[in-house]
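Only one structure is covered here, and it is reproduced in the block below.
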Amino acid sequence: GAVVSQHPSWVICKSGTSVKIECRSLDFQATTMFWYRQFPKQSLMLMATSNEGSKATYEQGVEKDKFLINHASLTLSTLTVTSAHPEDSSFYICSARTGGDYEQYFGPGTRLTVT
Amino acid sequence: DQQVKQNSPSLSVQEGRISILNCDYTNSMFDYFLWYKKYPAEGPTFLISISSIKDKNEDGRFTVFLNKSAKHLSLHIVPSQPGDSAVYFCAANSGNTPLVFGKGTRLSVIA
């Protein structure tokens, strides 16, 4: 149980375009979803926390107008990277948690390359 | 300010021996600690956790030790196997806060 999927697993886009990444909890209802970003050989940096039906809470330094997060249902959250630039190239990972649960279940990640 | 620190970026261990991965934290509010294993281009996989009311938790070959007074925890893997080669992340949180991760330690188990 506790499976989280992400789509796509890999995407290449041109500078200036927007990319949407989906995160789904397949066998449980995720009241909270998290989006992380990982640069090579670095830790997972939390970008934002989203609760179903409410606005996401962004970490300091993360541009909310650039990284649009929507958590419209208990099984789906989306991250849209708007007007992508090469410096946005990274590995984006989502995780999900049920209410009252300490553990977070991670998706397989999405590698974004902006050319 | 890094609240969770893994000071060893890498560790090499011979197959069959014990692997010990260390983690220090600074936030005394943390009350739940987890270890994740991660392969390149994949999401982290949960390994083992420990609550602050315990000082040891064991699951098969994996044991996590928590020393609250030293704000230190460690993951022991014994015996180590080549398939254990991966990056191991220590993470911590309190209540419903998001997990805070260390920078990871790359474990290489040599056959």
Side-chain angles (χ1 to χ4, degrees), chain A residues 1-11 21 23-26 30-51 56-60 62 69 89-113, chain B residues 1-11 21 23-27 29-54 57 59 64 66 86-108:
Chain A
V3 178
V4 176
S5 71
Q6 276 183 246
H7 178 79
S9 56
W10 185 38
V11 57
I21 303 170
C23 175
R24 294 182 186 271
S25 56
L26 299 184
T31 52
T32 307
M33 285 185 167
F34 306 90
W35 286 94
Y36 291 84
R37 180 174 180 177
Q38 185 186 26
F39 293 103
K41 297 183 180 180
Q42 293 196 25
S43 186
L44 286 76
M45 302 302 298
L46 179 67
M47 298 175 67
T49 302
S50 73
N51 292 296
T57 302
Y58 290 81
E59 295 299 299
Q60 195 171 11
V62 178
I69 292 171
S89 298
S90 190
F91 192 58
Y92 293 87
I93 307 172
C94 75
S95 70
R97 186 176 72 191
T98 59
D101 194 351
Y102 279 97
E103 290 179 27
Q104 292 175 214
Y105 304 97
F106 285 83
T110 297
R111 179 160 302 285
L112 169 64
T113 301
Chain B
D1 176 35
Q2 210 177 343
Q3 298 185 67
V4 178
K5 301 177 185 178
Q6 292 176 259
N7 292 319
S8 298
S10 63
L11 174 69
L21 296 101
C23 178
D24 298 292
Y25 61 96
T26 58
N27 188 340
M29 298 299 292
F30 288 146
D31 58 5
Y32 198 69
F33 306 88
L34 307 90
W35 284 93
Y36 285 85
K37 178 179 179 180
K38 187 180 182 299
Y39 294 112
E42 292 186 13
T45 304
F46 170 74
L47 263 183
I48 192 169
S49 63
I50 189 167
S51 131
S52 60
I53 62 173
K54 293 186 173 182
N57 188 25
D59 183 3
V64 57
L66 175 63
V87 177
Y88 289 79
F89 287 96
C90 169
N93 71 353
S94 64
N96 280 334
T97 61
L99 289 173
V100 178
F101 285 86
K103 288 192 173 180
T105 297
R106 180 176 300 280
L107 173 66
S108 300

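Please read all numbers here as calculations on a predicted model, not as lab measurements. The figures that follow rest on heavy atoms only: side chains count, while hydrogens, waters and symmetry mates do not. In what follows, chains are A, B, ... by sequence order, proteins preceding strands, each numbered from 1.
Contact between B/K38 and A/I93 at its shortest, heavy atoms only, is CE-CD1, 3.9 Å. Taking both residues in full, the closest heavy atoms of A/R97 and B/N93 are given as NH1-ND2, 4.1 Å, listed atom of the first, atom of the second, then distance. Residues A/S43 and B/K103 approach most closely at CB-CA, 3.5 Å, considering heavy atoms.
Using a 4.5 Å cut-off between heavy atoms, B/F89 contacts chain A through its side chain alone, with no backbone atom that close. Looking at A/Q38, only its side chain comes within 4.5 Å of chain B, counting heavy atoms on both sides.
In summary, the aromatic rings of A/Y36 and B/Y36 are positioned with their centroids too far apart to meet the 6.0 Å limit.
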